[in-house]
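Single-structure report; data block below.
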Amino acid sequence: MAAKTPLEVAQYTVNTGMKKGQNPVSSVLVLSFLAGAFIALGFLLDIRVIASAPAEWGSLVNLIGAAVFPVGLILVLIGGGELLTGNMMAVPLATLARKLSVGSMLKNLTLVTIGNFLGALFVAYAFGHVLGLTGEGVYLTKVVDMAGHKLHDGFLQAFISGIGCNWLVALAVWLSYASDTMSGKVLGIWFPTMAFVAIGFQHVVANMFLIPAAIFEGHYSWGQYIMNFIPVWLGNLTGGALFVAAAYWMVYLRKAEPEVKPVVQTVEPEARPMWSKQA
């Protein structure tokens with residue numbers, strides 16, 4: 001089977017979310033560190049590709065950057081990782097389906113937030129600042145400009161932008177779950193992820209790389225970052241948990257499916273010989 005039906009994807013996602021919520025703390029932290037680093041590497045690639053592009057290219061530059069950014073999510077979903085935005089869809093869906101407690105859901109999201117932040121921060125500092133990949137020239141200019149646009153949004157704007165982002169990212173995860181082939185997973189991940197980047201929605205884990213990368217070079221402050229982190233985190237949670245998980249739960253999982261009884265074919269008993277044992 002090349003692809004699962006939406007109902008099968010919903011059931012698969014519930015099981016996946018349940019497993020995520022039951023993983024040991026050490027595994028969650030390692031996998032979430034990796035996921036944060038992978039997303040940061042995708043964003044770093046985006047910046048290195050588009051920073052020196054001519055201004056005359058206009059919005060085409062954004063499309064080019066958006067087209068390479070999905071490498072990070074591909075590494076997470078195929079290589080292995082615990083990404084906050086994906087978990088904000090899968091783990092709440094398992095909770096809605098009563099396969100996971102609210103406490104386990106909140107514990108998982110908290111641990112993954114910490115791990116993602118550490119992974120993204122590592123890439124921002126080690127590769128961006130120490131190695132200098134975002135610390136000088138056009139690359140620094142691009143990082144500061146992009147971070148400034150993220151920080152410019154007010155609380156409500158950042159919250160709504162976060163909803164739009166994780167509506168698309170959670171759907172990218174959903175589509176990857178639908179496919180049974182690597183090529184199908186890549187295509188399912190690529191286009192929704194490219195769409196959110198090209199539109200300019202705010203992704204809490206991507207911001208964990210971008211804004212600290214600018215801070216390490218002496219621009220903006222950690223206080224400004226916190227005031228961006230809170231609404232984007234909440235918006236991403238709303239986009240994944242409400243607009244994807246809750247929506248599909250209502251359609252496919254809210255009511256228990258009627259039990260399908262096997263069709264029993266009536267078979268005529270064979271004629272018994274007259275000399276068989278009598279009752």
Side-chain angles (χ1 to χ4, degrees), residues 12-46 69-95 99-131 133-134 162 165-166 169-170 172-177 179 182 185-186 188-190 193 203-213 215-216 222 225-226 229 232-233 236-237 240-241 245:
Y12 179 89
T13 305
V14 167
N15 291 329
T16 301
M18 180 178 66
K19 291 175 184 176
K20 287 177 179 293
Q22 295 173 344
N23 275 340
V25 172
S26 58
S27 298
V28 173
L29 289 175
V30 170
L31 289 172
S32 56
F33 177 92
L34 293 175
F38 294 160
I39 295 300
L41 288 169
F43 209 158
L44 179 60
L45 174 62
D46 178 349
F69 181 94
V71 168
L73 190 56
I74 291 169
L75 290 173
V76 171
L77 291 173
I78 297 179
E82 291 284 319
L83 183 65
L84 180 60
T85 44
N87 284 30
M88 284 174 165
M89 180 271 292
V91 180
L93 184 57
T95 303
K99 300 294 184 180
L100 201 64
S101 69
V102 173
S104 295
M105 177 189 74
L106 295 175
K107 177 183 176 182
N108 178 266
L109 296 182
T110 300
L111 290 173
V112 174
T113 298
I114 294 169
N116 284 175
F117 180 71
L118 293 175
L121 205 66
F122 171 80
V123 173
Y125 185 79
F127 299 155
H129 180 66
V130 177
L131 197 57
L133 294 178
T134 60
C165 167
N166 212 28
V169 174
V173 175
W174 185 272
L175 294 181
S176 78
Y177 290 167
S179 177
M182 183 175 291
K185 288 181 180 296
V186 169
I189 295 165
W190 203 286
T193 307
H203 187 283
V204 66
V205 182
N207 286 5
M208 290 175 180
F209 161 78
L210 176 65
I211 300 174
I215 293 173
F216 289 142
W222 291 107
Y225 171 60
I226 293 297
F229 171 85
V232 175
W233 195 97
N236 285 173
L237 177 63

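Fair warning: this is a prediction, and the values are worked out from it, not measured in the lab.
Across all non-hydrogen atoms, the minimal contact from Ile189 to Thr193 is O-OG1, 2.7 Å. Shortest non-hydrogen contact noted between Ser176 and Leu77 is OG-CD1, 3.6 Å. In terms of heavy atoms, Ala94 sits closest to Gly17 at CB-C, 3.7 Å. Between Gly21 and Ser104, the shortest heavy-atom distance links the atoms O-CB, 4.3 Å. Here the closest heavy-atom approach between residue Trp190 and residue Pro70 is recorded as O-CG, 3.7 Å. Scanning both residues, Val130 and Ala126, for their nearest heavy atoms gives CB-O, 3.4 Å.
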Return all side-chain donor-acceptor pairs below 3.5 angstrom for residues 22-38, not counting sequence neighbours, or 'none' if the list is empty.
unit_1: Ser32; atom_1: OG; unit_2: Val28; atom_2: O; d: 2.7
unit_1: Ser32; atom_1: OG; unit_2: Leu29; atom_2: O; d: 3.1

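Every pair passing side-chain hydrogen bond (donor to acceptor under 3.5 Å, both in side chains) that includes a residue from residues 70-85 is listed here, sequence neighbours excluded: Lys20-Glu82, Glu82-Asn87, Thr85-His203. The stretch residues 111-121 participates, sequence neighbours left out, in no salt bridge (charged side-chain N to carboxylate O under 4.0 Å, His left out) pair at all. Counting only residues at least two apart or on different chains, no salt bridge (charged side-chain N to carboxylate O under 4.0 Å, His left out) pair has a member in residues 100-113.
Checking side-chain atoms of Ser179 against main-chain N and O of Leu175 turns up no donor-acceptor pair under 3.5 Å.
In terms of the side chain to side chain donor-acceptor pair (under 3.5 Å) criterion, Thr16 has no residue partners (sequence neighbours excluded). In this structure, the side chain to side chain contact (heavy atoms under 4.5 Å, CB included) partners of Thr113, at least two apart in sequence or on a different chain, are Leu84, Met208, Phe229, Trp233. In terms of the ring pair (Phe, Tyr, Trp, His ring centres under 6.0 Å) criterion, residue partners of Phe127 (sequence neighbours excluded) are, by chain and number, Phe122. Under the side chain to side chain donor-acceptor pair (under 3.5 Å) criterion, Thr110 pairs with no residue, sequence neighbours left out. Annotation: ring pair (Phe, Tyr, Trp, His ring centres under 6.0 Å) contacts of Tyr125 (sequence neighbours excluded): His129, Phe216. With sequence neighbours excluded, the residues forming a side chain to side chain contact (heavy atoms under 4.5 Å, CB included) with Ile78 are Ile74, Met182, Lys185, Val186, listed by chain and number. For Phe43, the ring pair (Phe, Tyr, Trp, His ring centres under 6.0 Å) partners two or more places apart in sequence, or in a different chain, are Phe69, Phe209. With sequence neighbours left out, Tyr177 forms a ring pair (Phe, Tyr, Trp, His ring centres under 6.0 Å) with Tyr12.
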task = Decide side chain to side chain contact (heavy atoms under 4.5 Å, CB included) for Leu45 and Val71; before the verdict, give the C-alpha distance in whole Å, the side-chain angles of both, and the deciding distance to 0.1 Å.
result = CA-CA 9 Å; Leu45 174 62; Val71 168; 4.2 Å; yes
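The side chain to side chain contact (heavy atoms under 4.5 Å, CB included) test with Val204 singles out one residue from Asn116, Asn236, Ile39, and that residue is Asn236.
Going from atom CG of Leu93 over to atom CG of Leu100 covers 10.5 Å, rounded to the nearest 0.5 Å. To the nearest 0.5 Å, atoms CH2 (Trp222) and CD1 (Ile215) are separated by 4.5 Å. Atoms OG1 and CE, from Thr95 and Met105 in turn, are 5.0 Å apart once rounded to the nearest 0.5 Å.
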